[in-house]
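Below you'll find the structure, written out as structure tokens, and then a few comments.
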Amino acid sequence: MQRINGTMIASYYACKRELWYMAHQITPDQDNPFLDLGRLVEEESYQEEKKKFLIGDVLIDIVRSEEGKLIVGEIKKSSRSKRSGIMQLYFYLWYLKERGVKARGEVLFPREKRKIPLVLNRAIEEELKRAMREIELIIAQEVPPRREKIPLCTPCAFRDFCFA
Amino acid sequence: MSESIYAFSHGILKRKQNTLFFESQDGSQRYLPVEGVRDIHFFGEVTLNKEVLEFLSQKSVLLHFYNHYGYYVGSFYPREHYNSGCLILRQAEHYLEPEKRLVLARQFVRGALQNIQAVLKYYHRRGFALASAIGQMESFLCGLEEQDTPDALMAVEGNAWDIYYQSFDVILNDQDFQMEKRTKRPPENQLNSLISFGNSLLYAAVLSEIYKTHLDPRIGFLHATNFRRFSLNLDVAEIFKPVIVSRVIFALVNKKAISSREFDERLGGLYLNERGRKVFVEKFEEKMKSTVNYKRIGRKVSYRRLIRLELYKIEKHLLGEEEYQPLLAEW
């Protein structure tokens, strides 16, 4: 059984089919320009800060401290996938909490000059646990979940794969 | 957008700073911005060192080599960066289980035959006498279900190609470009030479697309795997030969873009010379870049992309998601 990571949480909230593919190492088309754009946004923003922290099994984009409090950040290209970005970061907060680290979170949309502050609470933790149980069920399925046309398909690098 | 580069002159390929540099024997020098290169096809002699191979591997650029006669020799296929254990196992499973292998092998032949028929029908509508060839394709197609080994399917396909290539004489009706019969190694006339060269280019182009997927090019289904050379690209190319190679040839011959001056006689065969290859490659690339409407995706896609989409369909078949149906080029 593979460990659940942040990308899998994000995929779960964006598209369950993407989740199945990612979990089976079937990565999307790297020629897709939106992927390059995403990487560029991640690289070019917050250049003065250190980025990419591998903490245990999770890779966190930005970590900083403010008045002695730890803040972890997840950089997103656009708020189109806001919910999945939020849940991904909540997952990191939960992961840290499980290991005795208290932190707050910020989902960052540098292109939109926006950020969403997050604080973990009991209800969210329950939701995450439920999601993790379902993720395990989904990736254990023999075949990927059925294709659905959703707004997130437009910039998705799996789009041609799904609709070919 | 990345490009395919075709190098005809002899020379040295080097890594220079952070990009590629080709210095040809006649002294001309050219930078090839590495981020924009999909693959490089070498028709002339080339000298390479390990440094450049490491660089190409890191940048995921393929090299394809052709011999003196324009035949495909082999490729530099960088260590894969798309890798999925799950998919490799499924691909092997579909090879090892005879029933599963047969399903795919049959679809590749079906795809080839349907597209051959589509080309024949296109010319039939324009008044060429091809009714009998079309009828024969129909009966081959009807008989495909009965063929229960890849060899039997290959045999049917061989017969279909014979009939198809013979109908080139009706379609082209050009004294200089007569088919009569298909000959390879060596191609005995100009038309045969064009077909061989075009197929070589297509095999390499399909291989370059396979590289961008999770499929293993060594495991083919119609063409038997021997794990030493690529065979999946040969399978998939069958579907695209009538769609791409034939149409490039018809365009070149009908527009008189190519003539007997572009061929040289060597070792009892007729081969395209450098000028001829350049003309062919140019038309081939033009075709690969041209676009057609793809309904399910809802936008126009290039012929090169059509090859990739075909590979995606095969991946989905292997994953048990959606049964593979080969592309039918009805346009």
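Quick note: numbers below take in every heavy atom, side chains included, and nothing from hydrogens, waters or symmetry partners. Each chain gets a letter, A, B and so on, in the order its sequence line appears, and its residues count up from 1.
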The test is salt bridge (Lys or Arg N to Asp or Glu O under 4.0 Å); show your working for A:Asp160 and B:Arg296 and say whether it passes.
CA-CA 9 Å; A:Asp160 285 2; B:Arg296 285 183 69 175; over 6 Å; no

For B:Tyr294 and A:Phe163, work out which heavy atoms get closest and say how close.
CE2-O, 4.0 Å

Toward chain A, the part of B:Leu319 with a non-hydrogen atom under 4.5 Å
both

Is it the case that more than 12 heavy atoms not belonging to A:Glu98 sit under 6.0 Å from its CD atom?
yes

Quick check for you: to the nearest 0.5 Å, what is the distance between A:Tyr21 atom OH and B:Cys86 atom SG?
9.5 Å

Take B:Glu322 and A:Arg146, measure what side chain to side chain contact (heavy atoms under 4.5 Å, CB included) needs, and give me the verdict at the end.
CA-CA 10 Å; B:Glu322 201 174 324; A:Arg146 287 206 65 76; over 6 Å; no

Please say whether more than 12 non-hydrogen atoms of neighbouring residues, nucleotides or ligands are located less than 6.0 Å from CD in A:Glu127.
yes

Give a yes or no on whether A:Arg64 atom CZ has more than 12 heavy-atom contacts from other residues, nucleotides or ligands under 6.0 Å away.
yes

CD1 of B:Ile297 to SG of A:Cys153, rounded to nearest 0.5 Å, is 11.5 Å

Please indicate whether A:Lys82 has more than 12 foreign heavy atoms, meaning atoms of other residues, nucleotides or ligands, lying under 6.0 Å from its NZ.
no

Derivation of the salt bridge (Lys or Arg N to Asp or Glu O under 4.0 Å) call for B:Glu321 and A:Arg17:
CA-CA 11 Å; B:Glu321 206 193 318; A:Arg17 196 174 151 83; 2.3 Å; yes

Please determine whether the number of non-hydrogen atoms from other residues, nucleotides or ligands lying under 6.0 Å from atom CZ of A:Arg130 exceeds 12.
yes

Answer yes or no: does atom CD of B:Glu282 have more than 12 heavy-atom neighbours from other residues, nucleotides or ligands under 6.0 Å?
no

Top contributor to chain A contacts, counting heavy-atom pairs under 4.5 Å, from B:Glu315, B:Lys295, B:Lys212, B:Arg305
B:Arg305

How long is the span from the NE2 atom in A:His24 to the NE2 atom in B:His214, to the nearest 0.5 Å?
12.0 Å

Could you go step by step and tell me if B:Tyr82 and A:Ile26 meet the side chain to side chain contact (heavy atoms under 4.5 Å, CB included) rule?
CA-CA 8 Å; B:Tyr82 285 73; A:Ile26 296 171; over 6 Å; no

Within the supplied structure, the quantity of interest is the number of heavy atoms (other residues, nucleotides, ligands) at a distance under 6.0 Å from B:Lys300 NZ; does it exceed 12?
no

Chain A heavy atoms under 4.5 Å from B:Glu310: which part of the residue, side chain, backbone, both or neither?
neither

